[in-house]
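First the structure, in the form of structure tokens, and then the observations on it.
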Amino acid sequence: MEKAREMTDFHELAGKCLRCGLCTIVCPVHQVEADEYTAARGRNLLASRVGGRRDFDKEFRKRFEKCLICGSCLDQCPQGISIDLLTLGVREQMVREKGLGLAKRAIFRYIMRDRERFGKVLRLAYRLQRYLPAGEGKIRHLPSFLSALGAGRRIPEIAPVFLRDRVTVVSSPPPGVETRIRVGLFMGCSIDYIFPEIGRKMIRFLNRHGVEVVTPMEQGCCSLPVIGAGDLKTGRAMAERNARAFKDLDLIVTGCATCGSALKDYGTFFGRGEDSGEMFLRFAHKIRDFSEFLIRDLDLQPEAFASGGRKWNDLKTTYHDPCHLRRYQGIAEEPRTVIGSVPGVELIEMEGCDECCGMGGSFGLSYYDISKKIADKKAAAVKETGADAVVTTCPGCRMQIIDTLGRNEMKQQVLHIADLLEP
Ligand code: SF4
Ligand code: SF4
């Protein structure tokens, strides 16, 4: 089965670098913190010199943490270096040589790897979150005791009822609608635990268009936070669980760009060597982003989007391209086609629509100061359009944009594409 990329020895990748500096020009982190070693060029030099355990000191670790894995540099590199995989390769060796910190080890290996336990911890967190300082509406401020660097961040509340507790395993089209196709739904942690209404809207819309949706409850986290931290061993165990959960389904749809990218990359991360490599490649080929599925697989025409229960009256929107959708999955037109087809909705492009919002998973918490500065550029671009709402297809970007608009005292709504389609 065809595989575009694979994990390669990072020394080999770093050795290809010409030091031309094209990657530094587009790197959002480097634009905020103009240290040579926060962009790929400088890090490649560090990576090429790495020999053993002693080289992974605190400074080295920080430099390799300060990458959003946004992929902005990938298209620029004349050598075609997979800078994201190089960074992950270095992080993996750091974990092998020095281990994970206690907190990450407990979270990744004890909590996130076990879906039932993860759910229990979040239910407890839901009960405790009432003690966090309240913000506007369903937003809380993450106080300093949760993250010294992320202090003041607005985070949406954990949902009182998770998606998995609100849907049946099989959701069939309503009476009178013929079943055209059966797909699996990959929920992802953000939609399952924080934004379950996105999942419900996706299911409703799909059902109305003849899609039977199967939501296997054995599925877990896509494992990208774990892989991103360099713990590929735990990531692989989590990936195996997902591949098994969906083994009887031919297509799997997700409303999270980050999960979609991670799932499509299982073959890249784990497709080499061992027996299960073929299983990961097969699984990766089944994955579809929600907008990709609607336009490419279902071939929905503009009139299909007029039949939704949600009516809009001259809603001006602008669209933020998640890095994990546009760069890693090559999907930019499909969400725009969906947005542009919804009656009463206008799409106004913003400057830098494809520039990273600065979230980058745990980067947004660990390096909140840098993350805020990157996100503020996004807020200014949104303001410039005069739009009433920002639409995106990634719950992580949505959280980041909610935070940055709040800090900039902007009142625009931040919507997932499914919000445009269903009430
Ligand atoms: S992936 Fe993004 S943050 Fe990382 S080096 Fe490339 S441009 Fe910079
Ligand atoms: S663009 Fe590629 S070759 Fe040029 S400095 Fe960056 S990583 Fe090296």
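Atoms within each ligand, like the ligands themselves, are counted from 1 in listed order.
With hydrogens and angles left out, the side-chain atoms of Tyr319 and Thr393 include a donor and acceptor closer than 3.5 Å. For the residue pair Gln31 / Lys373, no side-chain donor-acceptor distance below 3.5 Å is found, with atom types taken as modelled. There is a side-chain donor-acceptor pair under 3.5 Å between Gln400 and Ser371. For the residue pair Asp299/Gln301, the side-chain donor-acceptor check at 3.5 Å is satisfied. For the 3.5 Å distance criterion, the side chains of Thr404 and Asp376 qualify, holding a donor opposite an acceptor.
Within the 4.0 Å heavy-atom cutoff, Ile69 counts among the residues contacting ligand 1. Distances from ligand 1 to the non-hydrogen atoms of Val29 include at least one value under 4.0 Å.
The side-chain contact (heavy atoms from CB on, under 4.5 Å) test with Leu300 singles out one residue from Thr337, Val338, Leu294, and that residue is Leu294.
Of all atoms in ligand 1, numbered sequentially from 1 with element shown, those under 4.0 Å from a heavy atom of Pro28 are 7 (S). Close approach of ligand 1 to Leu68 (heavy-atom distance below 4.0 Å) involves ligand atoms 3 (S), 4 (Fe). Below 4.0 Å from some heavy atom of Ser72 lie the following atoms of ligand 1, by number and element: 7 (S).
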Which atom pairs, one a donor and one an acceptor, fall under 3.5 Å between side chains of residues 220-235 and the rest of the protein, sequence neighbours left out?
unit_1 : atom_1 : unit_2 : atom_2 : d
Asp231 : OD1    : Arg109 : NH2    : 3.3
Asp231 : OD1    : Thr234 : N      : 3.3
Asp231 : OD1    : Thr234 : OG1    : 3.0
Asp231 : OD2    : Arg109 : NE     : 3.0
Asp231 : OD2    : Arg109 : NH2    : 3.4
Asp231 : OD2    : Thr234 : OG1    : 2.5
Thr234 : OG1    : Arg109 : NE     : 3.3

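Ring orientation note: the planes of Phe283 and Phe246 are tilted relative to one another, at an angle of 30° to 60°.
Pairs passing the side-chain hydrogen bond (donor to acceptor under 3.5 Å, both in side chains) check and including a residue from residues 182-193, sequence neighbours excluded, read Arg115-Asp192, Arg115-Tyr193, Arg164-Asp192, Arg182-Glu212. Annotation: salt bridge (charged side-chain N to carboxylate O under 4.0 Å, His left out) contacts involving residues 14-37, sequence neighbours excluded, comprise Glu33-Lys66, Asp35-Arg63, Glu36-Arg41.
Proximity annotation for atom 1 (S) of ligand 1: of Gly71, Gly360, Gly358, Gly71 comes nearest, heavy atoms only.
The distance cut-off of 2.8 Å around atom 4 (Fe) of ligand 2 captures these protein N, O or S atoms, sorted by chain and number: Cys20 SG.
Expressed to the nearest 0.5 Å, how far CD1 of Ile402 lies from CD of Gln413 amounts to 10.5 Å.
In this structure, atom 8 (Fe) of ligand 1 lies nearest to the protein heavy atom Cys27 SG, 2.4 Å. When hydrogens are left out, the protein atom nearest atom 2 (Fe) of ligand 1 is Cys70 SG, 2.3 Å; that is the closest non-hydrogen contact. Nearest protein heavy-atom neighbour of atom 4 (Fe) of ligand 1: Cys67 SG, 2.3 Å. Given atom 7 (S) of ligand 2, the protein heavy atom at minimum distance is Asn44 ND2, 3.2 Å.
Only the side chain of Arg43 comes within contact range of ligand 1, with a heavy atom under 4.0 Å; no backbone atom does.
None of the N, O or S atoms belonging to Cys73 lies under 2.8 Å away from atom 8 (Fe) of ligand 1.
Heavy-atom contacts from other residues, nucleotides or ligands closer than 6.0 Å to CD of Glu349 number more than 12.
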